[in-house]
Amino acid sequence: AQTVTQSQPEMSVQEAETVTLSCTYDTSESDYYLFWYKQPPSRQMILVIRQEAYKQQNATENRFSVNFQKAAKSFSLKISDSQLGDAAMYFCAYRSRNQAGTALIFGKGTTLSVSS
Amino acid sequence: DTGVSQNPRHKITKRGQNVTFRCDPISEHNRLYWYRQTLGQGPEFLTYFQNEAQLEKSRLLSDRFSAERPKGSFSTLEIQRTEQGDSAMYLCASSLGVAGRTYNEQFFGPGTRLTVL
């Protein structure tokens with residue numbers, strides 16, 4: 001079975017600074033997707049960034065980028081130029097690519113606080 | 001397109017009572033998922049529908065839980081004889097499955113927070 005581990009329950013960053021959230025995962029599959037989701041307080045979860053395991057290039061979405069290390073099974077999220085609106089719970093998630101309808105497997109999350 | 005909606009947003013019930021939650025997916029999304037999120041944890045998969053067919057159920061979905069998706073539109077999740085351990089946020093997500101495409105983004109609803117006293 002696949003597992004996702006986020007070892008940082010809480011992180012903090014100052015506005016305009018950069019922060020990195022860590023995630024490791026375990027799987028025997030070679031083809032899969034990895035995701036970072038953001039869950040603001042009392043609001044719904046939204047997708048931040050997606051990485052396909054077969055792609056060596058790290059995904060980027062504006063201020064968000066990932067460091068995907070497939071051999072190490074590591075998938076960290078870097079947030080550059082942090083903004084107050086980035087404060088939220090961040091979840092790392094895994095999904096098999098073998099089946100189209102497969103559910104997401106989430107880590108326990110990291111609460112990110114942003115101070116001005 | 002107003003996104004995935006869930007009702008009610010909050011539900012407080014006494015132990016032993018039955019509760020039912022509703023999820024309205026994004027229109028035309030043929031896939032629908034239910035997840036449970038307890039305090040301090042990430043969401044855990046409960047069950048998955050493609051159209052009206054329930055294709056996958058997690059071991060977390062005990063006999064007291066039942067989910068339906070009549071006509072492949074909205075879905076309901078019922079918990080019978082609720083227990084205090086059922087207190088959690090119940091999240092619904094939907095996606096548009098396209099033949100030949102393995103990736104389809106899941107869009108989440110705001111969740112229903114259940115408190116069992």
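Just so it is clear: chains get the letters A, B, ... in the order the sequence lines come, proteins before strands, and each one is counted from 1. Just so you know, these numbers come straight off a predicted model, no measurement behind them.
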Which answer fits [X], side chain, backbone, both or neither, if we ask what part of it has an atom under 4.5 Å from a heavy atom of chain A?
X: B/Leu55; result: neither
X: B/Phe107; result: neither
X: B/Glu105; result: side chain

Parallel, tilted or perpendicular: which describes the rings of [X] and [Y], with under 30° parallel and over 60° perpendicular?
X: B/Phe21; Y: B/Tyr90; answer: tilted
X: A/Trp36; Y: A/Phe75; answer: parallel
X: A/Phe91; Y: A/Phe106; answer: perpendicular

Min side-chain heavy-atom separation [X]-[Y] under 4.5 Å:
X: A/Lys38; Y: A/Phe64; value: no
X: A/Thr110; Y: A/Leu77; value: no
X: A/Glu52; Y: A/Arg50; value: yes

| request: Go through B/Gln37, B/Glu44, B/Arg113, B/Met89 and name the one with the most non-hydrogen pairs under 4.5 angstrom from chain A. | output: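 Result: the option with the highest number of such pairs is B/Gln37.
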Proximity breakdown for [X] and chain B, heavy-atom pairs closer than 4.5 Å:
X: A/Ile105; result: neither
X: A/Thr111; result: neither
X: A/Gln39; result: side chain

